[in-house]
Amino acid sequence: MEFTASQIASFIDGKIIGDENALITGVSPIEGGETGHLSFIAQDRFSHYLDTSKCSVIIVSENLLAKDTYNPTIIAVKDAYLSFQVLMNLYQEMQGRKEGIEDGSSIHDTAVIGDKVYIGAFTYVSEKAKIGEGSQIYPHVYIGKGVKIGKNCKIDSGARIYDYCIIGDNCVIHSNTVIGGDGFGFQPTPDGFKKIPQLGNVIIEDDVEIGSNCSIDRATIGSTIIGKGTKIDNLIQIAHNVKIGKNNVIAAQAGIAGSTIIGDWNQIGGQVGVVGHIKIGNQVKIQAQSGVNSSVSDKETIYGSPAISYNDYLRSYVHFRNLPEVVKRINNLENNSKD
């Protein structure tokens, strides 16, 4: 697709400085700009690219502009990062959605398929499954018995959604993620560990995005729940009967053990481990690689393993780094006292 600078500016309510007819045929990161491409600058540390970038048009936060003229055409906006996001979303919408059922897919006679749905080749849709209007199911997806998928969802290739799980509207599930695998439930006996049947399901509410290679286990009984608007990165394990509230973000390689309850608007860093059967409140920040082994109150920021208050951890770490010198001084004091 081709756009002029003036067309782009009209999408984001921007002010043009330079050639309004400059033609754009692609996008580039600002560090590797190309002629005919669009990029953006939203932070002062990238401002020097205004004079050196080969991009033809750059969207710039207006507070970063120090001159009246620049070599590339500038589109001045209040927040360049947010404006660029708007453009990317518009571009994605322009690509359109696929429709229809491709050869090689298998759909049970009792499955219910909504209007304008796309089902890719070699996808299997089991009995009594329901797929809502406008959803996109890419090739090699497995949809189990009684699964319900809402409207305008995107399920990428290789995802697996086990029996009776429920996916809300406008959800995205990336490749190779498994929704509804058995929870890790085993009873120790004199003869070994005996499996406890996992009879529940997973409920994913509206507007949730789940990255690739994640595992969200079905409940033993009841439901594992992922709340509305929550965003889950790649390579994340969420165990049986976990309940996650609204608008959480969870970074890669985090693991949440069974029956833990997490509130709303929390930020959980990469490689965080959370033990089971605890409660994490609302608006909590858990720093990367923390190990959480007890409940956390609202609006706390915690760090470390086991995790403690973020500020307490930083103060403690200063002493830890100086520990060899402290030990040396103590030894010297003890030796001097003996003399």
Does [X] have more than 12 heavy atoms from other residues, nucleotides or ligands lying within 6.0 Å of its [atom1]?
| X | atom1 | value |
| --- | --- | --- |
| Tyr142 | OH | yes |
| Glu31 | CD | yes |
| Lys243 | NZ | yes |
| Asn293 | CG | yes |
| Arg329 | CZ | no |
| Tyr81 | OH | no |

Verify same cluster id: [X], [Y] (apolar side-chain graph, 4.5 Å):
| X | Y | answer |
| --- | --- | --- |
| Met94 | Ile59 | yes |
| Ile210 | Val249 | no |
| Ile113 | Ile143 | yes |
| Ile119 | Val112 | no |

- Query: Is the closest side-chain donor-acceptor distance between Asp217 and Gln237 under 3.5 Å?
  - Reply: yes
Are any side-chain N or O atoms of [X] and backbone N or O atoms of [Y], one a donor and one an acceptor, separated by less than 3.5 Å?
| X | Y | result |
| --- | --- | --- |
| Ser259 | Gly276 | no |
| Thr189 | Asp191 | yes |
| Glu325 | Asn322 | no |
| Ser305 | Ser290 | no |
| Asn266 | Gly281 | yes |
| Ser28 | Ser39 | no |
| Arg97 | Gln136 | no |
| Thr35 | Ser56 | no |
| Ser295 | Ile278 | no |
| Arg218 | Gly200 | yes |

Could you check if a side-chain atom of [X] sits within less than 4.5 angstrom of a side-chain atom of [Y], using non-hydrogen atoms only?
| X | Y | value |
| --- | --- | --- |
| Ile250 | Ile256 | yes |
| Val274 | Ile262 | no |
| Val202 | Ile238 | no |
| Leu90 | Val86 | yes |
| Asn247 | Asp264 | no |
| Thr123 | Ile155 | no |

How close do [X] and [Y] get, counting heavy atoms only, and between which atoms?
| X | Y | value |
| --- | --- | --- |
| Ser105 | Gly120 | CB-O, 3.5 Å |
| Asp19 | Ile16 | C-CG2, 4.5 Å |
| Ser126 | Ala111 | O-CB, 3.8 Å |
| Ala219 | Asn241 | CB-ND2, 3.3 Å |
| Tyr162 | Gly180 | CD2-O, 3.2 Å |
| Gly258 | Ala239 | N-CB, 3.4 Å |

- Query: Members other than Ile74 in its cluster, when Ile, Leu, Val, Met, Phe, Trp, Tyr link by side-chain heavy atoms under 4.5 Å?
  - Reply: Ile17, Ile30, Ile41, Phe46, Tyr49, Leu50, Ile58, Val60, Leu64, Leu65, Tyr70
- Item | Remaining members of hydrophobic cluster (4.5 Å side-chain criterion), Tyr138 | Tyr118
Suppose we screen for side chain to side chain contact (heavy atoms under 4.5 Å, CB included). Which residues come up paired with [X], at least two apart in sequence or across chains?
| X | answer |
| --- | --- |
| Asn331 | Val327, Glu334 |
| Ser212 | His174, Asn234 |
| Lys228 | Glu205, Asp206, Asp207, Lys246 |

Pairs where [range] contributes a residue and the test salt bridge (charged side-chain N to carboxylate O under 4.0 Å, His left out) is met, not counting sequence neighbours:
| range | value |
| --- | --- |
| residues 282-309 | none |
| residues 165-189 | Asp182-Lys195 |
| residues 34-63 | Asp51-Lys67 |
| residues 117-145 | none |

- Using the ring of each side chain (for Trp, its six-membered ring), is Phe11 parallel, tilted or perpendicular to Phe3, with breaks at 30° and 60°? perpendicular
Check residues 309-316 and write down every donor-acceptor pair under 3.5 Å in which the side-chain atom is one partner and the other belongs to a residue at least two apart or another chain.
from, atom 1, to, atom 2, distance (Å)
Asp312, OD1, Arg315, NH2, 2.5
Ser316, OG, Asp312, O, 2.9

Show the atom names and distances, to 0.1 Å, of all donor-acceptor pairs under 3.5 Å that link a side chain in residues 20-27 to residues at least two apart or in another chain.
from, atom 1, to, atom 2, distance (Å)
Thr25, OG1, Gly36, O, 3.4

- Message: Taking ring-ring contact (aromatic ring centres under 6.0 Å, His included) as the definition, give me every residue that meets it alongside His140, ordered by chain and number, with sequence neighbours left out.
- Response: Phe122
